[in-house]
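This one's a predicted model, so the numbers in the text were calculated from it and none came from an experiment. Below, chains carry the letters A, B, ... as their sequence lines are ordered, and counting in each starts from 1. These numbers come from the heavy atoms of this one structure, side chains and all, not from hydrogens, waters or symmetry mates.
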Number of protein chains: 2
Amino acid sequence: MGEDLASAAVPAHTSVARGSRNDNTRRHNLSSLLTAVHYGGPLTRAQLTRDTGLNRSTIGGLVTELAQLGLVIEDAAAETGAVGRPSLIVRPRRDVAALALHPDVDAIELGAVAIDGTVLARRRVSVDAPPTPQDAAAFAWEAAREIGEEIPGLRVVGAAAAVPGLVAIDSATVVDAPHLGWRGVDFRETLAEALTLPVVVGNDANMGLRAEWSFGAARGVDTVVFLNGSASGIGGAALVGGRMLRGGRGYGGEFGHMMIRSDGERCSCGRSGCLETELNAERLDAAAHDDAALDALASTLAAAIANLECAFDPDLVLLGGYLGALYDVRRDLVTARVRDLAFRPDVEDVAIARTALGGNRLLIGAAERAFAALLQDPAGVPLVAL
Amino acid sequence: MGEDLASAAVPAHTSVARGSRNDNTRRHNLSSLLTAVHYGGPLTRAQLTRDTGLNRSTIGGLVTELAQLGLVIEDAAAETGAVGRPSLIVRPRRDVAALALHPDVDAIELGAVAIDGTVLARRRVSVDAPPTPQDAAAFAWEAAREIGEEIPGLRVVGAAAAVPGLVAIDSATVVDAPHLGWRGVDFRETLAEALTLPVVVGNDANMGLRAEWSFGAARGVDTVVFLNGSASGIGGAALVGGRMLRGGRGYGGEFGHMMIRSDGERCSCGRSGCLETELNAERLDAAAHDDAALDALASTLAAAIANLECAFDPDLVLLGGYLGALYDVRRDLVTARVRDLAFRPDVEDVAIARTALGGNRLLIGAAERAFAALLQDPAGVPLVAL
DNA sequence: TTAAAATGTTCCCGCAGAAAACATATACCC
DNA sequence: GGGTATATGTTTTCTGCGGGAACATTTTAA
């Protein structure tokens with residue numbers, strides 16, 4: 001991986017790092033293999049041997065254990081045309097899944113996402129008023145029951161909810177989801193009780209970026225800034241050195257409230273000139289047939305990107321929702337303005353891209369969060385028949 | 001550490017994680033112990049046993065190996081008054097050091113910093129014109145020779161240079177240090193040749209934050225934003241989840257060029273209203289006896305802090321140089337303005353603090369970078385007699 | 001002086017991956 | 001079509017690491 005020491009994990013020195021034992025080695029290697037086939041799709045044993053540097057007898061043992069755990073399947077090799085005994089293909093079992101819930105202002109959605117990232121089934125209900133946590137949990141229970149009947153034999157690792165709002169660092173408490181009207185709700189508790197499954201709760205933008213990083217437009221890119229324009233404002237998230245930016249309390253990445261215009265309009269957050277008041281869905285709709293107005297909005301977007309660049313120096317700026325749409329109709333202008341405003345004009349342009357996963361993004365991202373525990377410790381996380 | 005899975009290291013899926021072997025376990029445990037005594041000062045074997053969770057026979061073997069490597073010393077226990085056989089005290093050997101170099105506009109400085117963080121010796125020379133890379137390397141060689149004679153028996157792990165400018169992600173190339181006039185210089189090569197030692201090069205603000213995190217005001221705090229006001233502008237750095245923010249190319253954390261006033265003055269970087277043009281040393285000097293002007297500058301600082309808070313949600317905002325001084329004379333105003341502007345007014349205030357390490361900061365921070373390799377692999381990094 | 005408690009030390013065990021030997025399945029060559 | 005080279009799967013044996021028990025050592029307390 002060529003990881004530089006400077007960015008390598010340094011044990012926090014407030015507490016001494018835990019010691020490591022031989023079973024940690026086993027756990028680490030099982031995790032590496034499952035993670036590899038999770039992200040990389042089917043891989044042969046021979047590829048795993050080369051990539052991990054482990055001995056092929058060791059790979060054999062590890063794959064056998066993963067198969068016995070019901071996490072992967074070994075298939076006979078496809079025809080490769082290469083000389084030598086064909087290597088067995090290892091792929092994640094698609095009957096291993098996670099539940100992903102997305103409660104929003106106008107609808108609640110639940111999906112079952114397989115460990116290879118495919119959405120196996122989904123249920124959606126439109127709602128007139130924003131759902132309460134109890135509404136959302138009740139719907140989740142019902143939808144999960146239906147999906148369980150639809151797909152017999154499905155085993156789930158847990159559930160995750162993508163909530164449009166601030167979620168505390170504990171991955172449990174929805175501190176404030178203004179559009180849902182949820183404040184200080186322990187939604188993990190509510191949902192876990194309804195589903196009798198382990199649950200994690202997270203911010204929707206974070207989970208969206210996670211999905212795009214795993215299977216979408218930011219696949220494998222280590223340093224990404226994500227801006228998503230939706231009806232409820234601008235959601236932001238960042239991946240820093242391969243890790244999600246969370247902040248000390250869980251509120252990091254709120255780029256919608258970055259100050260972009262010091263004499264700008266009053267924002268709902270109490271400040272003035274926040275990105276999401278200067279560049280929101282209404283303004284974009286209003287500017288739909290006004291070239292100058294669109295140019296101005298594109299310039300605002302470029303200023304925001306330039307500001308984030310000098311803070312994060314990302315490899316990729318990812319735009320979703322109406323920001324992606326704006327970028328698409330003013331691609332050259334945004335690129336040029338970002339270059340003008342860039343802190344380092346002499347280096348090559350930072351890549352800008354639209355999201356790739358569409359309507360499945362939040363379900364996939366939430367499921368990724370739910371799978372994280374299993375990927376870290378394949379033998380230690382139980383699967384539950386749905 | 002209670003690390004949440006969401007922020008846990010996820011193997012990048014562009015490449016499969018390397019497999020782990022038993023000797024990795026050994027390396028990890030040696031690293032944990034050396035890191036613990038490095039940051040935590042002298043610790044008893046009994047404390048190490050408790051903190052790591054390892055067996056005391058294992059700790060015995062590990063400590064013996066570290067002692068044989070010449071990295072730690074075991075002392076007879078101090079009187080504790082507790083019942084039972086006294087536990088041996090393990091402390092890092094102070095004759096294990098790193099060289100730290102700081103070439104600046106008006107001076108070059110080199111220090112030898114022991115592995116326990118104490119500055120053993122330093123040499124400084126004032127210069128009329130900014131030094132060339134060759135000047136700096138020649139001074140480093142001469143100063144290292146002198147220090148070697150002054151402290152016989154010193155063994156060094158390598159050298160690190162803190163450069164006021166942009167350093168590429170390779171920890172070698174000074175892409176642009178405007179005040180030194182260095183552009184595109186492979187300073188690692190130059191310095192390594194002069195010293196015949198392994199060298200890393202880094203940005204000065206990054207290394208300053210690293211020092212404060214290791215031994216100063218940000219000790220052990222995982223999520224920190226650092227703003228340092230110096231004659232050469234405002235340097236910025238951030239620690240995100242215990243890791244230094246570096247960015248894809250190494251240019252992350254340049255908060256001095258965050259836009260703070262959309263109708264502000266032209267900045268040297270080509271943009272307008274950057275923090276370091278709105279709030280620089282001259283303006284602060286000019287406002288020295290003008291309360292209203294000081295208030296305005298303090299408000300600018302508060303706006304910058306508020307902006308960084310909604311992006312990073314830090315546990316601590318650390319201020320150095322003239323920004324620390326400004327904070328000190330307008331502490332209440334800054335605190336109040338940050339609270340007004342805070343994205344989350346209902347949660348407790350984010351801590352703001354001044355730096356603690358003073359003139360040794362850069363030397364200590366650079367040395368920390370040089371020690372990183374040794375701390376990660378105590379048995380694999382050779383020490384060189386100076 | 002003796003007992004209790006905590007820690008250091010030694011020896012043996014189980015588990016992890018490595019390595020070598022062997023078995024198997026493909027392509028290539030004649 | 002048969003033999004050979006090549007690559008991979010499988011089995012067995014070996015080495016290294018940490019755990020744990022038994023024993024030794026050093027202190028405090030009774």
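- If you find the closest nucleotide of DNA chain D to A:R45 and to B:N29, the one lying nearer the 5' end belongs to A:R45.
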Exercise for the section: Walk me through it: do A:L34 and A:V72 pass the test side chain to side chain contact (heavy atoms under 4.5 Å, CB included)? Expected result: CA-CA 8 Å; A:L34 188 59; A:V72 304; 3.9 Å; yes
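- Remark: B:T80 is not in phosphate contact with D:dT27, judged by side-chain N or O atoms under 4.0 Å from OP1 or OP2.
- For B:P86, the side-chain atoms get nearest to D:dT26 when compared with the rest of D:dG18, D:dT26, C:dA6.
- Donor-acceptor pairing under 3.5 Å, judged by distance alone, is present between the side chain of B:N22 and the base of C:dA16.
- Residue side chain B:T25 does not reach the base of C:dA16 through any donor-acceptor N/O pair under 3.5 Å, judged by distance alone.
- Comparing C:dA5, D:dT10, C:dT26 by their closest approach to the side chain of B:V83 singles out C:dA5.
- A salt bridge between A:E65 and A:R26 is present, with a side-chain N of the basic residue lying under 4.0 Å from a carboxylate O of the acidic one.
- Checking D:dG18, D:dT10, D:dA5 against every side-chain atom of B:L54, the shortest atom distance belongs to D:dG18.
- Within 4.0 Å (heavy atoms only), A:G61 reaches no atom of the nucleic acid at all.
- In this structure, B:R27 reaches neither bases nor backbone, as no heavy-atom distance under 4.0 Å exists between it and the strands shown.
- The backbone N or O of B:R219 lies less than 3.5 Å from no partner atom in the side chain of B:E212, so there is not a single donor-acceptor pair.
- Side-chain N/O atoms of B:S57 and base N/O atoms of D:dG20 include a donor-acceptor pair closer than 3.5 Å.
- If you find the closest nucleotide of DNA chain C to A:N55 and to B:L88, the one lying nearer the 5' end belongs to B:L88.
- Salt bridge A:R91/A:D75: present, at least one basic N to carboxylate O contact under 4.0 Å.
- Within the 4.0 Å cut-off from OP1 or OP2 of D:dC17, not a single side-chain nitrogen or oxygen of A:R26 is found.
- Backbone-only contact: A:R21 has heavy atoms under 4.0 Å from sugar-phosphate atoms and none from a base.
- Distances shorter than 4.0 Å separate none of the side-chain N or O atoms of A:R85 from OP1 or OP2 on C:dA23.
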